S.K.: 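Take this structure first; my questions come after.
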Amino acid sequence: MDTTKVIAPGFNLPPILFKDKVVIINNSGNSSLELSGQSTGSLVVTRQFPLTFHVQGFESFTFPIDPFISFSFRNIITRRAIAKGKKRGTIKERFTTDDVEITISGVFISNEDIYPVEVDKLREFCELPISIRVECTLINNRGIDSIAIDTYDLPATAGVNNQAFQIKAYSDDVYNLLIEK
């Protein structure tokens with residue numbers, strides 16, 4: 001049986017010999033995945049879902065390693081109770097869907113023994129009081145072109161050259177609130 005193991009820990013690993021094929025994230029500047037094994041040579045696999053932030057007046061920021069992106073969808077439902085009704089429960093009136101909650105998490109890794117410079121670039125975008133246009137197939141295929149960042153976290157991470165991050169954001173659709181008559 002031919003199996004593949006995926007290793008994406010966000011920190012440098014010592015050379016370990018595995019019996020099966022192993023996929024290891026390669027942070028050597030080309031941001032690709034490297035497939036290596038004893039029976040096969042070396043095969044380069046391109047990035048799956050690169051994420052780029054765009055804001056007018058700022059240089060675009062592309063995450064060096066594809067982050068994990070998760071979505072949470074919610075409906076806004078109004079419930080009405082019927083007085084003296086003989087049936088149990090309420091009447092549900094669905095009016096609309098809520099914003100999509102987006103969680104972006106990952107790690108920045110510096111090749112040298114210095115704090116990753118990408119952290120400051122990310123902080124600039126996270127502290128902007130405007131929506132950020134995103135370019136990522138995974139996000140754009142769900143009809144989301146812009147996000148509003150709610151919170152960002154930089155938790156304690158082992159090693160001076162590593163920094164984990166987590167961003168919580170909402171989808172931000174453009175509305176025309178002024179209607180001419």
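It should be emphasised that the depicted structure is a prediction, and the values quoted were computed from it without experimental measurement.
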S.K.: When you measure from the side chain of Lys168 to the backbone N and O of Gln166, does any donor-acceptor pair fall under 3.5 Å?
M.R.: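 Not at all, since once roles are kept as given, no pair shorter than 3.5 Å links the two residues.
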
S.K.: Are Leu154 and Ile104 grouped together when hydrophobic residues (ILVMFWY) are joined by side-chain heavy atoms under 4.5 angstrom apart?
M.R.: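 Yes; tracing contacts between hydrophobic side chains, which count when under 4.5 Å, links both residues.
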
S.K.: Can you confirm whether Asp120 sits close enough to Tyr115 that some side-chain heavy atom of one is under 4.5 Å from a side-chain heavy atom of the other?
M.R.: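 Result no, sub-4.5 Å side-chain heavy-atom pair not found.
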
S.K.: Hey, what do you get for CD1 (Ile139) to CD1 (Ile102), rounding to the nearest 0.5 Å?
M.R.: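 Going from CD1 on Ile139 over to CD1 on Ile102, the span is 5.5 Å.
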
S.K.: Output yes when a side-chain donor or acceptor of Thr157 lies under 3.5 Å from a complementary backbone atom of Pro155, and no otherwise.
M.R.: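 Flag set: sc Thr157 to bb Pro155 pair under 3.5 Å.
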
S.K.: Would you say Phe73 ends up clustered with Ile77 if hydrophobic residues are merged whenever their side chains have heavy atoms under 4.5 Å apart, either directly or through other cluster members?
M.R.: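 Each belongs to a different hydrophobic cluster.
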
S.K.: Tell me every residue that passes side chain to side chain donor-acceptor pair (under 3.5 Å) with Arg79, counting only those two or more places apart in sequence or in another chain.
M.R.: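 Side chain to side chain donor-acceptor pair (under 3.5 Å) list for Arg79, sorted by chain: empty.
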
S.K.: Rounded to the nearest 0.5 Å, what's the gap from CG on Leu122 to CD on Gln163? Could you check?
M.R.: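 Leu122 CG to Gln163 CD: 10.0 Å, rounded to 0.5 Å.
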
S.K.: If you take all heavy atoms of Ser146 and Arg133, which pair is closest and at what distance?
M.R.: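 In this case the closest contact between Ser146 and Arg133 is OG-CA, 4.0 Å.
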
S.K.: Who pairs with Asp98 by salt bridge (charged side-chain N to carboxylate O under 4.0 Å, His left out), at least two apart in sequence or on another chain?
M.R.: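 Checked Asp98 against salt bridge (charged side-chain N to carboxylate O under 4.0 Å, His left out); matches are Arg74.
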
S.K.: If we check side-chain contact (heavy atoms from CB on, under 4.5 Å) with Cys136, which of these qualifies: Leu51, Ile144, Asn141, Thr52?
M.R.: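 For Cys136, the side-chain contact (heavy atoms from CB on, under 4.5 Å) test succeeds with only one of Leu51, Ile144, Asn141, Thr52, which is Leu51.
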
S.K.: Taking only residues two or more places apart in sequence, or in another chain, which ones meet Phe165 in a ring-ring contact (aromatic ring centres under 6.0 Å, His included)?
M.R.: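 Once residues adjacent in sequence are excluded, the partners of Phe165 under the ring-ring contact (aromatic ring centres under 6.0 Å, His included) criterion are Phe63, Phe108.
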
S.K.: Got a donor-acceptor contact below 3.5 angstrom from the Asp113 side chain to the Val160 backbone?
M.R.: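 Not a single qualifying donor-acceptor pair exists.
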
S.K.: List the atom of Leu138, the atom of Phe71, and the distance in Å for their closest heavy-atom pair.
M.R.: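 Minimum heavy-atom separation between Leu138 and Phe71: O-CZ, 3.8 Å.
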
S.K.: With side chains defined as the heavy atoms from C-beta onward, is the minimum distance between Pro50 and Asp66 less than 4.5 Å?
M.R.: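 Pro50 vs Asp66: side chains touch.
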
S.K.: Could you check whether atom CD of Glu127 has more than 12 heavy atoms from other residues, nucleotides or ligands sitting under 6.0 Å from it?
M.R.: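 Above 12, so yes.
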
S.K.: If hydrophobic clusters are built from ILVMFWY residues whose side chains come within less than 4.5 Å, do Tyr170 and Tyr152 share one?
M.R.: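 Not linked; separate clusters.
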
S.K.: Write down the atom of Ile167, the atom of Cys126, and the distance for their closest heavy-atom approach.
M.R.: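 The answer is CD1-SG, 4.1 Å.
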
S.K.: Calculate, to the nearest 0.5 Å, the distance between atoms OG1 and CG belonging to Thr103 and Asp150 respectively.
M.R.: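 Nearest 0.5 Å value for the OG1-CG distance: 10.0 Å.
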
S.K.: So, do Thr137 and Phe49 sit near enough that their side-chain heavy atoms are less than 4.5 Å apart?
M.R.: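 Sidechains of Phe49 and Thr137: in contact.
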
